[in-house]
Amino acid sequence: MTATHPVTLTAGGVSVEVDLVRRLPGIVIIGLPGGAVREVGDTARQMVEDAGDLFPRLRVVVNVTPAQLRISRDVAVRKYAPVIAAAVRLASGQWEVTS
């Protein structure tokens, strides 16, 4: 997998932009409160891997809108992780958009 152009995906009132960059592998999520970031990132990674896809060995930068100042971890995971997982698959070329 190589770095791509940013992918924006909107679903269920949530918009995420995912960019894959050639840096130390990891996931950076912008727009969620600190406590929810790690759990959302871990859940999104697990969703990708459970589906039989590969999580990119690149830096995954995720920008979430609308930004949430206060949100419970459970709500954050249910609301954001599936959209982030889908956007990661699109950005990494594992999914294609067909019309």
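By convention here, the first residue in the shown sequence is residue 1.
- Not counting sequence neighbours, R45 has no partner by the salt bridge (Lys or Arg N to Asp or Glu O under 4.0 Å) test.
- With rounding to the nearest 0.5 Å, the separation of CD1 in I84 from CD1 in I27 is 6.0 Å.
- Qualifying side chain to side chain contact (heavy atoms under 4.5 Å, CB included) partners for D74, counting only residues two or more places apart in sequence or in other chains: S72, R78.
- M47 and Y80 fall into different hydrophobic clusters, where Ile, Leu, Val, Met, Phe, Trp and Tyr residues are linked whenever their side-chain heavy atoms come under 4.5 Å apart, directly or through other members.
- Scored by the side chain to side chain donor-acceptor pair (under 3.5 Å) test, D53 finds R89 as partners (sequence neighbours excluded).
- Within a 6.0 Å radius of CZ in R73, no more than 12 heavy atoms belonging to other residues, nucleotides or ligands are found.
- Shown are V83, V14, V18; of these, the side chain to side chain contact (heavy atoms under 4.5 Å, CB included) with L9 is made only by V83.
- Distance check: T65 OG1 to I30 CD1 gives 11.5 Å after rounding to the nearest 0.5 Å.
- A search for side chain to side chain donor-acceptor pair (under 3.5 Å) contacts involving Q46 returns D50, not counting sequence neighbours.
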Only pairs under 3.5 Å count here: list side-chain donor-acceptor contacts from residues 35-44, not counting sequence neighbours, and write none if there are none.
{"residue": "T43", "atom": "OG1", "partner": "E39", "partner atom": "O", "Å": "2.8"}

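- In this structure, CG in L20 is found 6.5 Å from OG in S92, a value given to the nearest 0.5 Å.
- Side-chain contact check for V60 versus F55: some heavy-atom pair is nearer than 4.5 Å.
- With sequence neighbours excluded, the residues satisfying side chain to side chain donor-acceptor pair (under 3.5 Å) with T10 are S15.
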